[in-house]
Amino acid sequence: MSSKQYEVPYFQEKYGHLFSEMNAILNVLHEGICISNAEGIILKMNPMYERLCGLSPEALLGKKVSFLNSKEGVFDEAEPHADRVEQKKGIFLGAVSPVILKSKRPASSVQQTSGGKKKLLHGYPVLNANGDVELVVTFIRDISHLTLFQEQIGYHKHIFKKFWSNVQNNTPEGSDPSAVVVESPPMKKVMALAQRIAATDANVLILGDTGVGKGEVARYIHARSDRAGNTFFCADCTSIPENLIESELFGYAPGAFSGARREGKPGYFDIAAGGTIFLDEIGELSLPMQAKLLRVLQDQEIMQIGSLKPKKIDTRIIAATNVNLEQAVADGTFRQDLYYRLQVSVVYIPPLKERGEDIQPLAQHFLQRYNLKYRKHFYLSDEVVPILLKHSWPGNVRELQNMIQGIVITNEKEVIDPMDLPRMMPTEAIPASESYMPTQGQLGKPLKQMMADIEFDILQQAMDTYKTTEKVAEVFQVNRTTVSRKLQAGKKKRGS
């Protein structure tokens, strides 16, 4: 297409001298360029601008920018090529030319088209001798790939931080893999089994509910193994996008795909070479990724994206999941052969509610950790421990840890008493809330009177625990005056 076709005959005589020497320059620029006059009429565009807009010069030249700038997609049907412009709704959402004509100052805008692409616009006014706008020159650039690149950078930055934390500390915050808090008989059996497994180089499958401490046991096994001096890398399979998980785990070869790094990229298995990789939530992997992981377990080799040769690895695999893998195999969501491969060394961690002896030591452990971190001096009151022991801990060890951290951060006084615990916990721990059997003295009374006596006993025991009617009212979610009135009425009846 010749440069002559870009010019509008109506304006050629007036503006032709401006364009005669710049056509060659405009046609080779990587940015799209549009030139409009003081009336907002498009006078000139270069080939790149045409490609970015997806419209020919015939559909744009001689038209007002406003003709292409309707957010509602309402166009003047009398305009030539209006039907072609209508098919490209949104290409000029937020043009800068109208802004510049009013302000006489440069302006910028980011546009997102109906097709999802993003474009960056920079517009500049060209003033005449009187200081009025003669022309508006707008530069347009497709930044969709930059946005995608920024998202990828953000994700990989997160991964790098996680990796660096693993490399630097090799353990979670403030913990020592050789000093797992264990007091209950069930967990003592678990840790004894973990120590026996650590002495081998077998792959391990750790089972248990969310938050029971599967990661801690994995680190314990690594720390007691011959690989303890090398990297322990934790890869959470649920946090990696499905379209990136293969390249993250196995890496890719140089020039594997468009946009790939020239030198290629190592995967997590490369990073953990000579050490241990912990694949958390392996039950969430897709069936195709399960097949690739099976090859790793069988042959101790990986196939990088874009490579034609398998690569031998020396990495111990510890996998963990809260999924019932037997049921997943029956449902067809987990490969049976992979399940059998992982069953070589299985460690099951019971939920916290089944190992009550661990609750108080764990609470003290986390309290000591966060006291040190936040430079506090908190301690648990005697009334708190029975409440902790009675709670069912649906979130397991992680729930206990987060609760202690929250208390240390938010509390002002050093002693932690029952009123500092989450609201759902104290109501479970009040003895009077359990099944109630009437006393000998209450037998023979009307049901209404028996219920009043039971209610008084509950409120009185709550007062003994929480000391104030305000806190008791908060626990039972009633008005404070109601608590006071029922307590006074109960005392009066007991005294008569």
Side-chain angles (χ1 to χ4, degrees), residues 3 5-8 10-76 79 85 88-151 153-154:
S3 60
Q5 291 178 276
Y6 282 83
E7 298 175 2
V8 183
Y10 181 78
F11 296 100
Q12 188 174 8
E13 182 179 352
K14 184 175 181 180
Y15 297 103
H17 66 285
L18 297 175
F19 302 140
S20 59
E21 301 297 334
M22 70 173 67
N23 285 333
I25 298 175
L26 295 180
N27 291 349
V28 298
L29 292 179
H30 291 290
E31 287 187 311
I33 296 179
C34 175
I35 301 175
S36 57
N37 67 5
E39 286 74 42
I41 295 175
I42 299 174
L43 307 176
K44 189 77 173 176
M45 56 184 281
N46 70 346
M48 179 57 73
Y49 193 87
E50 175 190 349
R51 288 197 291 271
L52 292 174
C53 293
L55 291 169
S56 66
E58 291 82 5
L60 296 175
L61 294 175
K63 308 301 187 299
K64 286 191 175 183
V65 174
S66 58
F67 167 62
L68 307 166
N69 193 40
S70 173
K71 292 185 179 180
E72 292 78 24
V74 179
F75 301 97
D76 185 356
E79 289 278 2
V85 176
K88 297 287 184 179
K89 287 180 182 178
I91 61 169
F92 280 133
L93 295 183
V96 294
S97 179
V99 178
I100 295 172
L101 290 174
K102 290 182 180 180
S103 67
K104 300 181 181 181
R105 298 174 63 87
S108 299
S109 173
V110 175
Q111 301 176 348
Q112 182 160 352
T113 69
S114 55
K117 289 187 175 182
K118 286 188 177 181
K119 297 184 176 72
L120 178 65
L121 270 67
H122 292 297
Y124 301 90
V126 177
L127 305 180
N128 60 23
N130 298 323
D132 298 322
V133 177
E134 182 82 11
L135 298 172
V136 174
V137 182
T138 302
F139 297 84
I140 182 171
R141 177 181 295 178
D142 187 356
I143 59 171
S144 303
H145 62 291
L146 295 178
T147 304
L148 177 62
F149 184 64
Q150 187 178 29
E151 292 173 355
I153 288 292

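Every heavy atom of this structure was used, including side-chain atoms; hydrogens, water molecules and symmetry mates were not.
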Pairwise distance CD1(I140) to CG(L121) - rounded to 0.5 angstrom: 4.5 Å

Separation between CD1 of I41 and CG of L61, rounded to the nearest 0.5 Å: 11.5 Å

Kindly write out the residues that satisfy side chain to side chain contact (heavy atoms under 4.5 Å, CB included) with I33, not counting sequence neighbours, or none if the list is empty. L26, L29, I35, N46, V137, F139

Determine which pairs satisfy salt bridge (Lys or Arg N to Asp or Glu O under 4.0 Å) with at least one residue from residues 24-36, sequence neighbours left out, and list them in order. E31-R141

Which heavy-atom pair separates [X] from [Y] by the least distance, and what is that distance?
X    : Y   : result
V133 : A38 : O-CB, 3.3 Å
C34  : I42 : SG-CG2, 3.7 Å
S36  : G40 : CB-C, 4.1 Å

Without placing hydrogens or testing angles, list every side-chain donor-acceptor pair under 3.5 Å for residues 122-132, not counting sequence neighbours.
residue	atom	partner	partner atom	Å
H122	ND1	S108	OG	2.7
N128	OD1	N130	N	2.9
N128	OD1	G131	N	3.1
N128	OD1	D132	N	2.9
D132	OD1	K104	NZ	3.4

Identify, with sequence neighbours excluded, every residue that meets side-chain hydrogen bond (donor to acceptor under 3.5 Å, both in side chains) alongside T138. none

